[in-house]
Amino acid sequence: MRAEYDFTDSKPNPYAKRLRRPVTMRIDVEAIDYFKEEAARTGIPYQNLINLYLVQCAEEKKILAFA
């Protein structure tokens with residue numbers, strides 16, 4: 001290793017804002033089945049689809065409607 005490094009031309013990490021944190025959740029079987037079917041249809045892993053949906057809800061500031 002070098003004693004010192006020059007970072008004057010370095011760029012910020014573009015992915016630093018998109019960090020992910022593992023969580024444990026209890027999700028209805030029907031919801032998991034739905035996302036697994038979508039995963040099979042689209043070729044995107046179901047966990048990624050759930051994340052995409054949750055991010056979309058947050059960006060659109062969706063309000064829950066309780067029936």
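Taking a 4.5 Å side-chain heavy-atom cut-off between Ile, Leu, Val, Met, Phe, Trp and Tyr, the cluster of Ile50 extends to Val23, Met25, Ile27, Ile32, Tyr34, Phe35, Ile44, Tyr46, Leu49, Leu52, Tyr53, Leu54. Grouped with Met1 in one hydrophobic cluster are Tyr5, Phe7, the linkage being side-chain heavy-atom contacts under 4.5 Å among Ile, Leu, Val, Met, Phe, Trp and Tyr residues. Through side-chain heavy atoms spaced under 4.5 Å, either directly or across other Ile, Leu, Val, Met, Phe, Trp or Tyr residues, Leu64 is tied to Phe66.
Pairing each heavy atom of Ala39 with each of Pro45, the nearest pair is CB-C, 4.1 Å.
Remark: side-chain polar atoms of Asp6 are paired, donor with acceptor, to backbone N or O of Thr8 under 3.5 angstrom.
Interatomic distance, Glu4 CD to Arg2 CZ, rounded to the nearest 0.5 Å: 11.0 Å.
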